[in-house]
Amino acid sequence: QVQLVESGGGLVQAGGSLRLSCAASGRTSSTFPMGWFRQPPGKEREFAAAISGTGMMTYYAESVKGRFTISRDNAEKTMYLQMDSLKPDDTAVYYCGAAVGYGLKITLSQYTYWGQGTQVTVSS
């Protein structure tokens, strides 16, 4: 089993920044593809960003491209999401996920392990 724990969420004004962290433990592998998804109030969970096991490849949803940066530190078994120029539309519960396999994973069904989520609220 793999356990994922997100942290770093909070309340921020529009235009501000937050950095989310996702710490992995248990039967982890540094080659696990990982990603961030988010669930806005009253909506379905949606893809935000993905990173390959080595960190060499990344992919972003159009809605966050150019504002969010995904990264990982495999020695620390931690993944990050740097969120800049935040907008009220970014308000959501943010979840980190880990997948089995290689490459980039961008759909919910590709992920096996999930964290409990962290709330991000952007005020206007």
Side-chain angles (χ1 to χ4, degrees):
Q1 283 291 334
V2 174
Q3 291 79 43
L4 302 173
V5 178
E6 303 97 334
S7 62
L11 174 64
V12 64
Q13 287 189 328
S17 298
L18 280 175
R19 188 194 196 199
L20 305 184
S21 298
C22 173
S25 61
R27 294 175 62 85
T28 63
S29 168
S30 62
T31 63
F32 278 359
M34 297 185 74
W36 290 96
F37 285 70
R38 63 186 187 180
Q39 188 164 12
K43 297 184 179 180
E44 298 290 318
R45 193 175 301 191
E46 62 187 27
F47 168 76
I51 189 166
S52 62
T54 62
M56 294 292 288
M57 296 186 294
T58 59
Y59 187 79
Y60 299 91
E62 284 298 321
S63 58
V64 307
K65 192 178 293 184
R67 300 186 298 120
F68 290 9
T69 303
I70 190 171
S71 62
R72 65 191 296 164
D73 182 338
N74 285 343
E76 296 295 325
K77 295 185 178 181
T78 303
M79 177 179 65
Y80 303 97
L81 186 67
Q82 177 66 41
M83 304 187 295
D84 298 318
S85 302
L86 282 162
K87 306 174 182 179
D89 284 349
D90 295 318
T91 294
V93 177
Y94 283 71
Y95 297 90
C96 70
V100 178
Y102 298 92
L104 292 168
K105 311 294 184 183
I106 64 172
T107 64
L108 278 169
S109 61
Q110 292 177 302
Y111 284 78
T112 303
Y113 305 103
W114 292 99
Q116 82 289 348
T118 186
Q119 177 71 47
V120 172
T121 303
V122 185
S123 63
S124 57

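In what follows, every heavy atom counts, from backbone to side chain, and hydrogens, waters and symmetry copies are set aside. Given the structure is predicted, the values throughout are model-derived calculations rather than measurements.
- Heavy atoms only, all atoms of each residue included: P88 and A14 are closest at CD-CB, 4.1 Å.
- Counting heavy atoms from C-beta outward, L108 and E44 have side chains that stay 4.5 Å or more apart.
- The backbone N or O of V5 sits nowhere less than 3.5 Å from a side-chain atom of Q116 that would complete a donor-acceptor pair.
- Side-chain contact between L20 and M83 is present, with heavy atoms from C-beta onward closer than 4.5 Å.
- Looking at T78, its side chain never comes within 3.5 Å of a backbone N or O of A23 through a donor-acceptor pair.
- With rounding to the nearest 0.5 angstrom, the CE atom of M79 is 11.0 Å from the CG atom of N74.
- Atom CG of L11 sits about 9.5 Å away from atom CD of Q119, to the nearest 0.5 Å.
- In this structure, the side chains of Y80 and D73 come closer than 4.5 Å at one or more pairs of heavy atoms.
- No side-chain heavy atom of E76 sits less than 4.5 Å from a side-chain heavy atom of S21.
- Note: W36 CH2 to T118 OG1 = 7.5 Å, rounded to the nearest 0.5 Å.
- Counting only residues at least two apart or on different chains, the ring pair (Phe, Tyr, Trp, His ring centres under 6.0 Å) pairs with a member in residues 102-124 are F37-Y111, F37-W114, Y111-W114.
- Interatomic distance, SG of C22 versus CZ of R72, reported as 9.5 Å (0.5 Å rounding).
- Formation of a donor-acceptor pair under 3.5 Å by the E6 side chain with backbone atoms of G117 is found in this model.
- Residues satisfying the side-chain hydrogen bond (donor to acceptor under 3.5 Å, both in side chains) criterion with S85, sequence neighbours excluded, are absent altogether.
- Judged by distance alone, with hydrogens and angles left aside, the side-chain atoms of Q82 form no donor-acceptor pair with the main-chain N or O of T69 at under 3.5 Å.
- Within the 4.5 Å cutoff, the side chain of L86 has heavy atoms near those of the F68 side chain.
- Surrounding OH of Y60 are more than 12 heavy atoms belonging to other residues, nucleotides or ligands, all under 6.0 Å away.
- Using a 4.5 Å heavy-atom cutoff, the side chains of R67 and D90 are in contact.
- Residues Y95 and V93 have side chains in contact (heavy-atom distance under 4.5 Å, counting atoms from C-beta outward).
- Here the CD atom belonging to Q1 is positioned 10.0 Å from the OG1 atom belonging to T112, to the nearest 0.5 angstrom.
- How far CD of Q39 is from OH of Y94: 12.0 Å, rounded to the nearest 0.5 Å.
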